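The next block holds one structure in the form of structure tokens; read it before the comments.
In this text the structure is predicted, and so the values were computed from the model without any measurement. Proteins get letters first, then strands, A, B, ... in listed order; numbering begins at 1 in each.
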Protein chains: 2
Amino acid sequence: MADRPYTAVIDRLREVGLRPTRQRLALARLLFDTGDRHVTAEQLHGEAVTTGISVSLATVYNTLHQFTESGLLREVVVEAGRSYFDTNIANHHHFFETKSGHLIDIPADQVTIGSLPTAPNGAEIEQVDLIIRVRRRA
Amino acid sequence: MADRPYTAVIDRLREVGLRPTRQRLALARLLFDTGDRHVTAEQLHGEAVTTGISVSLATVYNTLHQFTESGLLREVVVEAGRSYFDTNIANHHHFFETKSGHLIDIPADQVTIGSLPTAPNGAEIEQVDLIIRVRRRA
DNA sequence: AACTGATCTAGAACAATTCTAAAAACCTTG
DNA sequence: CAAGGTTTTTAGAATTGTTCTAGATCAGTT
């Protein structure tokens with residue numbers, strides 16, 4: 001954020017083997033410079049445009065997926081038909097407010113999942129998603 | 001399945017306040033007469049058509065949602081852009097094979113989730129979904 | 001049988017996402 | 001620093017899964 005605001009982001013992209021293009025840098029800053037967030041592709045695209053960054057929606061989708069594959073983001077699926085991307089890649093869980101569509105992080109240490117069953121057919125566990133759906137009382 | 005194959009299903013629908021129409025009965029039998037299953041709307045519609053039951057896709061969607069609201073089904077969201085409906089409404093969890101898109105039930109007693117955090121703002125917990133994403137080794 | 005509200009339907013509409021092929025940007029190398 | 005080859009971006013079309021709509025049909029009375 002100081003003199004050379006991009007160096008940190010550039011390094012972060014380089015580390016995972018992604019070329020630091022103008023679009024990826026801009027999106028990375030929107031995503032990672034503001035603490036943990038949950039965004040949809042449309043949301044992020046809207047932010048970018050508002051901020052004066054010219055980037056197409058297709059690129060936002062591409063970038064979000066590349067970031068996810070590189071482990072910079074985590075995709076959270078809560079509603080059929082909408083994908084959230086979570087900038088918090090630490091092990092944690094989620095509350096999902098069904099009414100508002102809002103996601104809230106739950107730190108991993110606030111939940112204990114004991115004795116996971118072994119995956120079938122010698123499959124490898126990729127991710128454990130615990131989503132607690134809540135309805136806010138009116 | 002014997003003499004009067006529909007009576008059980010009719011009662012089941014009546015209990016939850018749904019009129020036992022031809023379409024609902026047919027779909028209910030496809031869903032509930034074969035043990036636990038995970039289906040998408042398109043799948044179920046395909047089955048119905050194949051079985052010679054004339055029912056529109058819109059009705060399949062309506063019916064699946066009505067059944068879900070009535071507690072006869074449970075909706076499982078694993079992939080953005082596709083909804084599964086689970087005929088197993090007992091408390092349980094899921095493996096999700098990312099490659100094949102296959103869902104596998106995990107009985108509740110094979111996992112222990114201890115100390116759920118309290119929901120924010122006095123919200124009420126509606127459902128707890130634990131999904132373990134696995135990748136089958138080639 | 002007639003009536004009335006619930007249900008069903010085909011097809012249009014919709015929203016989120018992916019695809020496509022061409023243009024632009026990036027990073028060498030000479 | 002220009003040329004060249006590759007990667008990335010882009011606008012717009014295409015696709016997918018789902019919902020909506022308005023009219024037709026059905027279920028359960030009276």
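- No engagement by Thr63(B) is indicated, since no non-hydrogen atom pair under 4.0 Å with the nucleic acid exists.
- Glu79(B) places its CD atom 11 Å from the P atom of dT18(C), with the value rounded to the nearest Å.
- When distances run from any side-chain atom of Asn62(B) to the nucleotides dT9(C), dA6(C), dT18(D), the shortest one goes to dT9(C).
- Residue Gln23(B) has a polar side-chain atom (N or O) positioned under 4.0 Å from OP1 or OP2 of dT9(C).
- Checked against dC26(C), dA10(C), dC8(C), the side chain of Thr59(B) finds its nearest nucleotide in dC8(C).
- In this structure, Phe67(A) atom CZ and dT8(D) atom P are separated by 12 Å, rounded to whole Å.
- Note on Thr40(B): nothing from the nucleic acid sits closer than 4.0 angstrom, heavy atoms only.
- Remark: the Asn88(A) side chain and the His38(A) side chain contain no N/O donor-acceptor pair separated by less than 3.5 Å.
- In this structure, Leu27(B) atom CG and dT7(C) atom C1' are separated by 13 Å, rounded to whole Å.
- Nucleotide dG5(D) holds its C1' atom 10 Å from the CZ atom of Arg19(A), rounded to whole Å.
- An OP1 or OP2 oxygen of dT9(C) is reached within less than 4.0 angstrom by no side-chain nitrogen or oxygen of Arg22(B).
- Counting any heavy atom pair closer than 4.0 Å across all strands shown, Arg82(A) reaches sugar-phosphate atoms only and no base atom.
- Rounded to a whole Å, the CZ atom of Arg14(B) is 10 Å from the C1' atom of dA27(D).
- Distance NE2 (His45(B)) to C1' (dG17(D)): 14 Å, rounded to an integer number of Å.
- With distances taken from any side-chain atom of Ser56(B) to the nucleotides dG17(D), dA10(C), dT8(D), the minimum falls on dA10(C).
- Distance from the side chain of Glu42(B) is smallest to dG17(D) among dT7(C), dA10(C), dG17(D).
- Using modelled atom types, one side-chain atom of His45(B) and one backbone atom of Val55(B) make a donor-acceptor pair closer than 3.5 Å.
- His65(B) comes within 4.0 angstrom of the backbone, heavy atoms only, and of no base.
- In this structure, CD on Glu97(A) lies 6.5 Å from CG on Asn121(B), to the nearest 0.5 angstrom.
- Taking the side chain of Arg24(B) as heavy atoms from C-beta on, and the options dT7(C), dT17(C), dC26(C), the nearest nucleotide is dT7(C).
- Contact between the side-chain N/O atoms of Thr21(A) and the OP1/OP2 oxygens of dT9(D) is found at a separation under 4.0 Å.
- Residue Tyr61(B) places none of its side-chain N or O atoms closer than 4.0 Å to OP1 or OP2 of dT19(D).
- Counting only heavy atoms from C-beta on, Ala58(A) has its side chain closest to dC19(C) among dG11(C), dT18(D), dC19(C).
- Distance check, rounded to the nearest 0.5 Å: CG of Asp36(B) to OG1 of Thr87(B) gives 4.5 Å.
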Q. What's the verdict on salt bridge (charged side-chain N to carboxylate O under 4.0 Å, His left out) for Arg133(A) and Glu75(B), showing C-alpha distance, side-chain angles and the deciding distance?
A. CA-CA 12 Å; Arg133(A) 286 160 203 281; Glu75(B) 190 172 356; over 6 Å; no

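- Taking atom CG of residue Leu57(A) and atom P of nucleotide dT18(C), one finds them 10 Å apart after rounding to whole Å.
- Following rounding to the nearest Å, Ile53(B) (CD1) and dC8(C) (P) show an atom-to-atom distance of 13 Å.
- Rounding to the nearest 0.5 Å gives a distance of 12.0 Å between CG of Leu31(B) and CZ of Arg29(B).
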